[in-house]
Amino acid sequence: MNDSKVTRRQVLVLGGLTLGVAAVTVAGPGTAWAAAAPADVTLVPVGASPVVVLPRVGVQPAAFPRQLAVQVRHAGTDLPAGTQVAIAYDPRLYSPLPGAVATAGDRRVRATSSVTTDPKTALTTCTVTFTEALPAGSDPVVVVGTAFPVLYPRDLVVGPADASAAVGHQHGKPRGRRSLQPGRPHSFGGVAMPWGLEVSGVWNRREWANGKRWYYYPARITLDSVGPGTAPVPASFSVALDPQVVSDVKIVSARLDNKAYDAGVRLLSATRTATLFETRWTTRARLTSGDRLDLELKVRTRKPTGDLPTVKHPTVALIDMGNHVTQRQTGRTSMSRSDSAWT
């Protein structure tokens, strides 16, 4: 399991994760171990801020562990070589590490790992096998994977399976299965209607130096609602540009679903420094599923005299959109261009 991609600093961080408070007593893995201390091994979930999973429309957002990690506590007995920790998880929610990591204090534990998937349940199990014996009280922490953002349209994960861990010996079957699910924070709220927006648009280009230098700026901003619920607050966004090239921005018209629309666009603030010109805007539009709001911009530019020492690449992004717990992960809540040529 020696993985060159995992640095010592990462190992120290993994070994120092905040521990949960719940534990379960399990039987010893193997005859010799069981005879020595049959009830002195516990599995303790490693706690961190849980991630939100939206199971489907009209249900409570679920809480899942951010990392697939567990601590093996064994205050009164040694762990022999061959001890195994098996962590099962839903592959729709988690990505395994290139090689599972086990630490004891600030030391990397020698171990191997393997990943299998049950064709009946579709659950994936990462089994970590210690290849060295560990003295009583070393309490190793095992980390096998981390949650990844599930993007639209696959972000509504129907019937997500709980993550769990078990301990055993390579010559026996892991026992004492322990759920790794965290407590559900009150901030996750109750029954919810998921919603989501996507940001896209059209760019214009300002050229100078005989066309050898150029800068992109937005000419149109499009907000698409992927639903199924309505955005909880009116659509709001920011436009961040380089003041060396752009001197002013205005929203001049709006269309909702290809029809003229009074979106009630209002400038919230404008910030101008030597390196940033940012305007923040809000509308009256609470976009429902399938809505498309197109906003036309009038951007006034200036012509630089030559090369620019730095450049602020243009960015348009959603702001102040309220209940992010039920916001779908579209992966398109902003747009930008990084292909300007300024030097």
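Predicted, not measured: the structure shown is a model, and the values here were computed from it.
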Visitor: So Val46 and Val143, do their side chains get closer than 4.5 Å, heavy atoms only?
Guide: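 No - every pair of side-chain heavy atoms lies 4.5 Å or more apart.
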
Visitor: Would Phe64 and Leu43 show up in the same hydrophobic cluster when neighbours are defined by side-chain heavy atoms closer than 4.5 Å?
Guide: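 Hydrophobic grouping puts Phe64 with Leu43.
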
Visitor: Quick check on the hydrophobic clustering: are Leu293 and Val202 connected, directly or via other members, by side-chain heavy-atom contacts under 4.5 Å?
Guide: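 No, no single cluster joins them.
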
Visitor: With a 4.5 Å limit on heavy-atom distance, are the side chains of Tyr94 and Pro65 in contact?
Guide: yes

Visitor: About how many Å separate CD1 of Ile221 and CH2 of Trp281, when rounded to the nearest 0.5 Å?
Guide: 9.0 Å

Visitor: Same cluster or not: are Val70 and Val115 linked, directly or through other Ile, Leu, Val, Met, Phe, Trp or Tyr residues, by side-chain heavy atoms under 4.5 angstrom apart?
Guide: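 Shared cluster, yes.
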
Visitor: Once you round to the nearest 0.5 Å, how far does CG of Leu295 lie from OG of Ser253?
Guide: 8.0 Å

Visitor: Has the side chain of Asn204 got a donor or acceptor atom that lies under 3.5 Å from a matching backbone atom of Tyr216?
Guide: no

Visitor: Taking all non-hydrogen atoms of both residues, which atom of Cys126 and which atom of Ala100 are closest, and how far apart?
Guide: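 Nearest pair, atom of Cys126 first, then Ala100: SG-CB, 4.2 Å.
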
Visitor: Only pairs under 3.5 Å count here: list side-chain donor-acceptor contacts from residues 182-194, not counting sequence neighbours, and write none if there are none.
Guide:
residue: Arg184; atom: NE; partner: Pro61; partner atom: O; Å: 2.7
residue: Arg184; atom: NH1; partner: Gly189; partner atom: O; Å: 2.9
residue: Arg184; atom: NH2; partner: Pro61; partner atom: O; Å: 3.0
residue: Arg184; atom: NH2; partner: Gly189; partner atom: O; Å: 2.5

Visitor: Got a donor-acceptor contact below 3.5 angstrom from the Ser138 side chain to the Pro135 backbone?
Guide: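 Such a contact is found between Ser138 side chain and Pro135 backbone.
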
Visitor: Mark yes or no for whether Gln181, through its side chain, and Ala63, through its backbone, hold a donor-acceptor pair below 3.5 Å.
Guide: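 Yes; at least one donor-acceptor contact below 3.5 Å.
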
Visitor: Spell out, as yes or no, whether a donor-acceptor pair under 3.5 Å connects the side chain of Trp208 to the backbone of Tyr215.
Guide: no

Visitor: When rounded to the nearest 0.5 angstrom, what is the spacing between CG in Leu79 and CD in Gln84?
Guide: 12.5 Å

Visitor: For the side chain of Thr131 and the backbone of Arg110, is there at least one donor-acceptor N/O pair under 3.5 Å apart?
Guide: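 Yes.
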
Visitor: With side-chain contact (heavy atoms from CB on, under 4.5 Å) as the test, would you mind laying out the steps for Val52 and Thr326 before giving the verdict?
Guide: CA-CA 8 Å; Val52 174; Thr326 56; over 6 Å; no

Visitor: Under a 3.5 Å threshold, yes or no: a donor from one side chain and an acceptor from the other, between Ser164 and Arg177?
Guide: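 Yes, Arg177 and Ser164 have a side-chain donor paired with an acceptor closer than 3.5 Å.
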
Visitor: Is the side chain of Asp90 donor-acceptor paired with the backbone N or O of Ala161 at a distance under 3.5 Å, no angle test?
Guide: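 Yes, because the side chain of Asp90 sits within donor-acceptor range (under 3.5 Å) of the backbone of Ala161.
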
Visitor: Using 0.5 Å steps for rounding, measure from the CZ atom of Phe148 to the CZ atom of Arg66.
Guide: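 Taking CZ in Phe148 and CZ in Arg66, the distance rounds to 14.0 Å.
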
Visitor: What pairs of residues pass the salt bridge (Lys or Arg N to Asp or Glu O under 4.0 Å) test when at least one of them lies in residues 216-238, not counting sequence neighbours?
Guide: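 Qualifying pairs, neighbours excluded: Arg220-Glu296.
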
Visitor: Can any side-chain N or O of Thr333 pair as donor or acceptor with the backbone N or O of Ala317 at less than 3.5 Å?
Guide: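 Checked: no pair found.
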
Visitor: Give the minimum heavy-atom separation between Val233 and Gly322, together with the two atoms involved.
Guide: CG2-N, 4.0 Å

Visitor: Hey, does Pro314 have a side-chain heavy atom less than 4.5 Å from the side chain of Leu241?
Guide: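 Contact flag for Leu241/Pro314 side chains = yes.
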
Visitor: With Pro140, which of Arg73, His74, Gln71 fulfils side-chain contact (heavy atoms from CB on, under 4.5 Å)?
Guide: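 Exactly one option meets the side-chain contact (heavy atoms from CB on, under 4.5 Å) with Pro140, and it is His74.
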
Visitor: List in chain and number order the residues that pass side chain to side chain contact (heavy atoms under 4.5 Å, CB included) with Val299, two or more places apart in sequence or in another chain; answer none if no residue qualifies.
Guide: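 Result, side chain to side chain contact (heavy atoms under 4.5 Å, CB included) vs Val299: Tyr217, Val246, Val249, Leu297, Thr301.
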
Visitor: Determine whether a donor-acceptor pair (N or O, by modelled atom type, separation under 3.5 Å) exists between the side chain of Thr283 and the backbone of Ala235.
Guide: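 Present.
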
Visitor: Could you give me the CA-CA distance, side-chain angles and deciding distance for Thr125 and Leu123, then say whether side-chain contact (heavy atoms from CB on, under 4.5 Å) is met?
Guide: CA-CA 7 Å; Thr125 299; Leu123 293 182; 5.5 Å; no

Visitor: Grab the two heavy atoms, one from Val311 and one from Asp242, that are nearest each other, plus how far apart they are.
Guide: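 Between these two residues, the closest heavy atoms are CA-OD2, 3.1 Å.
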
Visitor: Please evaluate residues Val199 and Leu223 with respect to the criterion side-chain contact (heavy atoms from CB on, under 4.5 Å), reporting the C-alpha separation (whole Å), side-chain torsions for both, the decisive distance (0.1 Å), and the verdict.
Guide: CA-CA 5 Å; Val199 178; Leu223 304 179; 3.7 Å; yes

Visitor: Specify the closest pair of heavy atoms between His169 and Pro80, including all atoms of both residues, with the distance to one decimal.
Guide: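 That would be CD2-CG, 4.2 Å.
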
Visitor: Taking ring pair (Phe, Tyr, Trp, His ring centres under 6.0 Å) as the cut-off, I'd like each qualifying pair that reaches into residues 310-339, sequence neighbours left out, listed once.
Guide: His313-Trp342

Visitor: Hydrophobic clusters here meaning ILVMFWY residues chained together by side-chain heavy-atom distances under 4.5 Å, can you tell me if Val51 and Leu54 are in one?
Guide: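 Different hydrophobic clusters.
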
Visitor: Any salt bridge (Lys or Arg N to Asp or Glu O under 4.0 Å) pairs touching residues 303-329, not counting sequence neighbours?
Guide: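 Every salt bridge (Lys or Arg N to Asp or Glu O under 4.0 Å) pair that includes a residue of residues 303-329, provided the two are not neighbours, is Asp155-Arg328, Arg213-Asp307, Arg280-Asp320.
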
Visitor: Quick one, Gln327 with Leu318, criterion side-chain contact (heavy atoms from CB on, under 4.5 Å). Give me CA distance, side-chain angles, the key distance, then yes/no.
Guide: CA-CA 12 Å; Gln327 183 175 3; Leu318 295 177; 4.2 Å; yes

Visitor: Nearest 0.5 angstrom please: Arg205 CZ to Arg337 CZ, how far?
Guide: 8.5 Å

Visitor: For Arg154 and Arg92, indicate whether the former's side chain and the latter's backbone hold a donor-acceptor pair under 3.5 Å.
Guide: no

Visitor: For a quick test of reading the model, state the closest non-hydrogen atom pair linking Phe130 to Val109 and the distance between them.
Guide: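 Result for this residue pair: CD2-CG1, 4.1 Å.
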
Visitor: Once side-chain hydrogen bond (donor to acceptor under 3.5 Å, both in side chains) is applied, what residue pairs with a partner in residues 256-273 remain, sequence neighbours excluded?
Guide: Asp262-Arg284

Visitor: Ignoring hydrogens and angles, tell me if any N or O in the side chain of Arg286 forms a donor-acceptor pair with the backbone of Pro232 under 3.5 Å.
Guide: yes

Visitor: Could you walk me through whether Ser225 and Ser289 pass the side-chain hydrogen bond (donor to acceptor under 3.5 Å, both in side chains) test, one step at a time?
Guide: CA-CA 5 Å; Ser225 175; Ser289 182; 5.4 Å; no

Visitor: Any non-hydrogen side-chain atom of Val41 less than 4.5 Å from a side-chain atom of Val72?
Guide: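 They are in side-chain contact.
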
Visitor: Linking I/L/V/M/F/W/Y whenever their side-chain heavy atoms sit closer than 4.5 Å, directly or via other members, would Tyr152 and Leu93 fall into one cluster?
Guide: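 No, because Tyr152 and Leu93 fall into different hydrophobic clusters, even though each may have its own neighbours under 4.5 Å.
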
Visitor: Please give me the minimum heavy-atom distance between Ile87 and Ala165, naming the atom from each residue.
Guide: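 In terms of heavy atoms, the two residues are closest at CG1-CB, 3.9 Å.
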
Visitor: Supply the atom-to-atom distance Ile251 CD1 to Thr279 OG1, rounded to the nearest 0.5 angstrom.
Guide: 7.0 Å

